[in-house]
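Every number for a ligand or one of its atoms is a count from 1 in the order of the listing.
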Amino acid sequence: MKTVLLIVASLFLSCALPAQKQTTFRPATEWPDTEGKHINAHGGGILKKGKVYYWYGENRPDAGGSMNTGISVYTSRDLMNWENRGIALAVSSDTLSPIQPGCIMERPKVVYNKKTGKYVMLFHLELKGQGYAAAQVGFAVADKPEGPFRFLRGLRPNAGQWPVDFSQKDIDEALALDPAKYANWWTPEWRDAVKKGLFLARDLKGGQMSRDMTVYVDDDGTAYHLFSSEENLTLHLAELTEDYLDYTGKYIRIAPGGQNEAPALFKRNGKYWLITSGCTGWAPNEARMFVADSLWGEWKQLPTPFVGENAQKTFNGQSTFVLPYKNKGFIFMGDIWKPKSLSTSQYLWLPIQFQEDGTPTIPYREEWTLKDLMK
Ligand code: GAL
């Protein structure tokens, strides 16, 4: 009888006390979903369909660095209150699958392809038991934004292709670099060889390494995969085919040897802005920024957009995505990683401000609302 009463009482309480509605953004805190549980969608990105926002991210376990569930999806209409819609792309029970439990799936980004009517997900894929050595990109596709996504394949991009801005002389020079001569990393000679394409040439046949990443769809519907390649030393920006499921073979390198990770790309008033981090694993570092008039470059490096106390550590966060909001402004989305328990990693969402000349600036805010974007 007592147990029955307890169950009835707890049922009543859980109905009577719905999860508290979020009315502001509060970076670096717990962010409860509509059931009151901390959102588990790390290294994520957002797709808007109609009035609904879909937030995809890494569904991380409480302990350990590999996956046992897959990619989460949450939905919201106001960007503050998120409903857990489950796993959009699930790990596979097939022991031959590249996405079996124990693999690593990071930084998923989903885009909608108007021509095919499909939702396409790209993510960083590492194979079970191989640490971060595989350095692949995974492709998955769905008919609906909430999934289920079907895994297509994992691969290293652009096998056999040189960057479009490589002349025959550049190709010859890269091919002449003897890897055995550069076994010692970080020497001035090694840095020079990296810039000239030491790892590009090494990986030409099997495809280029692909780790931290984002996907960007330009106004004309062409999609681009932007990823940390060449041992995380150089970013590659690669054009995708019309169905977004493969590469056209057209790509450029950005900041060769510059060690950029966590790319987040957006366009404002005809200029492309790119925010990245340095390479210090889960530990925060100072962000970087780049600007270009065309995606194909030239990309010019600028100082970090973050300003104020602890800006040199990006307020303990790392970029993952920039979300345009209704032509009114842009939201910077980042992760505050908690490597001991990745599921508890927090979020750093902040409104981006723009200086008179258009340069982004991101000061810290303990609490803010979408109205702060409209100023
Ligand atoms: C970071 C990267 C994360 C994750 C982590 C693993 O540099 O941005 O996405 O890969 O390293 O140590």
Subject >> Side chain Thr24, main chain Arg26, donor-acceptor under 3.5 Å >> reply: no
**OP:** Spell out, as yes or no, whether a donor-acceptor pair under 3.5 Å connects the side chain of Ser277 to the backbone of Gln318.
**Re:** no
Original post:
Charged N to carboxylate O under 4.0 angstrom, Glu106 versus Arg211?
Top reply: no
Original post:
Are Arg153 and Asp246 within salt-bridge range, i.e. N to O under 4.0 Å?
Top reply: yes
**OP:** Of the side chain and backbone of Arg107, name the one, both, or neither that has a heavy atom under 4.0 Å from an atom of ligand 1.
**Re:** side chain
Original post:
Under 3.5 Å, N or O to N or O, is His124 touching ligand 1 that way?
Top reply: no
Original post:
Among Gly281, Pro263, Gly65, which residue places a heavy atom closest to atom 1 (C) of ligand 1?
Top reply: Gly281
Original post:
Who's the nearest protein heavy-atom neighbour of atom 10 (O) of ligand 1, and how far?
Top reply: Glu106 OE1, 2.6 Å
Original post:
Nearest protein heavy atom to atom 8 (O) of ligand 1, by residue and atom, and its distance?
Top reply: Asp212 OD2, 2.5 Å
Original post:
Taking atom CD of Glu298 as the centre, does the number of heavy atoms from other residues, nucleotides or ligands within less than 6.0 Å exceed 12?
Top reply: no
Original post:
Counting from 1, what ligand 1 atoms have a heavy atom of Glu261 closer than 4.0 Å?
Top reply: 1 (C), 2 (C), 7 (O), 8 (O)
Original post:
Under 3.5 Å, is there a donor-acceptor pair between the side chain of Trp162 and the main chain of Gln168?
Top reply: no
Subject >> Geometric N/O contact Thr280 with ligand 1, under 3.5 angstrom >> reply: no
**OP:** Compute the shortest N/O to N/O distance between Glu58 and ligand 1 and return yes if it is under 3.5 Å, no if not.
**Re:** no
